[in-house]
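The analysis underlying the following values was restricted to heavy atoms, covering all of them including side chains, and did not include hydrogens, waters or symmetry mates.
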Amino acid sequence: MDFLSIKENKDFCRIYAKGKSFVSPVVVTYVLKNRRKNIRVGITTTKKIGNAVKRNRARRVIREAFRILAPSIKPGYDFIFVARGKTPYVKSTEIVRALSAQLKKAGVMK
């Protein structure tokens, strides 16, 4: 299953405002049903995470964790993943565990 990137600020704002959030020490997930038949994903990292290298690593491990879980996710949802301070220091397997728990709680797993 392939997923599209969310790039527009208005989409991020809409998902932050109307979506449900699920929090863990390594990542925060926002989930909102969309009217399309595909999965859209946005990943945000702030300067709090660290320098550009750390922020890019955080984005990479989140993207990889989601790629592993993507086949078991129902289509028709928008996701935003927000990196936290710990994110650049953990392996993607730990993020897979956190995302899996959050997505199950959100009820979007098949």
Side-chain angles (χ1 to χ4, degrees):
M1 160 90 27
D2 221 24
F3 50 89
L4 304 169
S5 287
I6 298 173
K7 294 185 176 84
E8 295 284 318
N9 186 40
K10 65 177 199 276
D11 289 335
F12 277 94
C13 291
R14 184 176 53 82
I15 297 165
Y16 285 137
K18 296 188 174 145
K20 274 190 72 64
S21 65
F22 302 89
V23 181
S24 83
V26 288
V27 68
V28 180
T29 303
Y30 290 86
V31 180
L32 184 64
K33 198 157 179 50
N34 66 25
R35 291 201 179 98
R36 300 174 179 84
K37 287 282 170 260
N38 52 21
I39 295 172
R40 297 192 316 158
V41 176
I43 299 173
T44 59
T45 52
T46 63
K47 291 265 179 89
K48 278 189 212 168
I49 306 295
N51 62 12
V53 176
K54 289 195 177 94
R55 294 196 300 271
N56 283 328
R57 173 167 165 70
R59 280 193 285 270
R60 259 197 334 272
V61 292
I62 291 172
R63 196 176 306 115
E64 177 58 21
F66 186 78
R67 195 186 61 75
I68 291 166
L69 294 170
S72 60
I73 292 172
K74 297 177 200 165
Y77 286 93
D78 290 345
F79 299 97
I80 292 180
F81 301 113
V82 181
R84 307 210 46 193
K86 277 187 178 177
T87 311
Y89 304 104
V90 296
K91 297 249 190 306
S92 64
T93 50
E94 199 170 318
I95 296 192
V96 167
R97 270 198 299 273
L99 285 185
S100 179
Q102 290 174 340
L103 296 173
K104 278 189 188 112
K105 202 183 278 181
V108 297
M109 300 290 260
K110 285 179 184 163

So CZ of Arg59 and CD1 of Ile49: to nearest 0.5 Å the spacing works out to 9.5 Å
With a 4.5 Å heavy-atom cut-off, do Ile95 and Glu64 have their side chains touching?
no
**Request:** Answer yes or no: does atom NZ of Lys74 have more than 12 heavy-atom neighbours from other residues, nucleotides or ligands under 6.0 Å?
**Result:** yes
Output for pair (Arg84 CZ, Thr46 OG1), nearest 0.5 Å, gives 10.5 Å
For Lys86 and Val26, the nearest pair of non-hydrogen atoms, with its separation, is CB-CG1, 4.1 Å
Residues Ala83 and Thr45: closest non-hydrogen pair is CB-CG2, 3.5 Å
Q: Please examine the side chains of Thr87 and Ile62, heavy atoms only from C-beta on, and report whether any two atoms are closer than 4.5 Å.
A: yes
Please lay out, stage by stage, how Arg40 and Asp11 fare under the test side chain to side chain contact (heavy atoms under 4.5 Å, CB included). CA-CA 10 Å; Arg40 297 192 316 158; Asp11 289 335; 3.4 Å; yes
Indicate, with yes or no, if the rings of Phe79 and Tyr30 have centres closer together than 6.0 Å.
no
With clusters defined by side-chain heavy atoms of hydrophobic residues (ILVMFWY) lying less than 4.5 Å apart, directly or transitively, does Val108 cluster with Ile15?
no
inquiry  = Is there a side-chain contact between Val90 and Val61 in this structure, where contact means two heavy atoms from C-beta onward sitting under 4.5 Å apart?
reply    = no
For Ile73 and Met109 the tightest heavy-atom approach is CG1-SD, 4.0 Å
- Task: With the side chain counted from C-beta on, respond yes when Lys20 and Leu32 share a heavy-atom pair under 4.5 Å apart, and no when they do not.
- Result: no
Taking every heavy atom of Leu69 against every heavy atom of Ser100, the minimum-distance pair comes out as CD1-N, 3.7 Å
d(Arg60 CZ, Ser92 OG) to nearest 0.5 Å is 10.5 Å
inquiry  = I want to check something: taking the side chain as every heavy atom from C-beta on, are Ile6 and Phe12 in contact at a cut-off of under 4.5 Å?
reply    = yes
- If two hydrophobic side chains count as joined below 4.5 Å and joins carry through other members, does Leu103 share a cluster with Ile43? yes
Practice problem: May I ask you to test the Phe3-Asn38 pair for a side-chain heavy-atom distance under 4.5 Å? | Solution: no
#### Entry: Verify same cluster id: Ile80, Phe66 (apolar side-chain graph, 4.5 Å)
no
| message | I'd like to know if Ile39 and Ile68 are part of one continuous hydrophobic network [Ile/Leu/Val/Met/Phe/Trp/Tyr, side-chain heavy atoms within less than 4.5 Å]. | response | yes
query: Would you call Lys33-Asp78 a salt bridge at under 4.0 Å N-O?
result: no
Close side-chain approach of Lys54 and Tyr89, heavy atoms under 4.5 Å
yes
Residues Gly85 and Pro88: closest non-hydrogen pair is O-CD, 3.5 Å
- Any side-chain heavy-atom pair from Phe81 and Leu99 closer than 4.5 angstrom? yes
In short, Ala98 meets Val27 closest at the heavy-atom pair CB-CG1, 4.3 Å
Fill in: From CA spacing to verdict: side chain to side chain contact (heavy atoms under 4.5 Å, CB included), Lys105, Gln102
CA-CA 5 Å; Lys105 202 183 278 181; Gln102 290 174 340; 5.7 Å; no
With the 4.5 Å side-chain cut-off for hydrophobic clustering, are Val41 and Val28 part of the same group? no
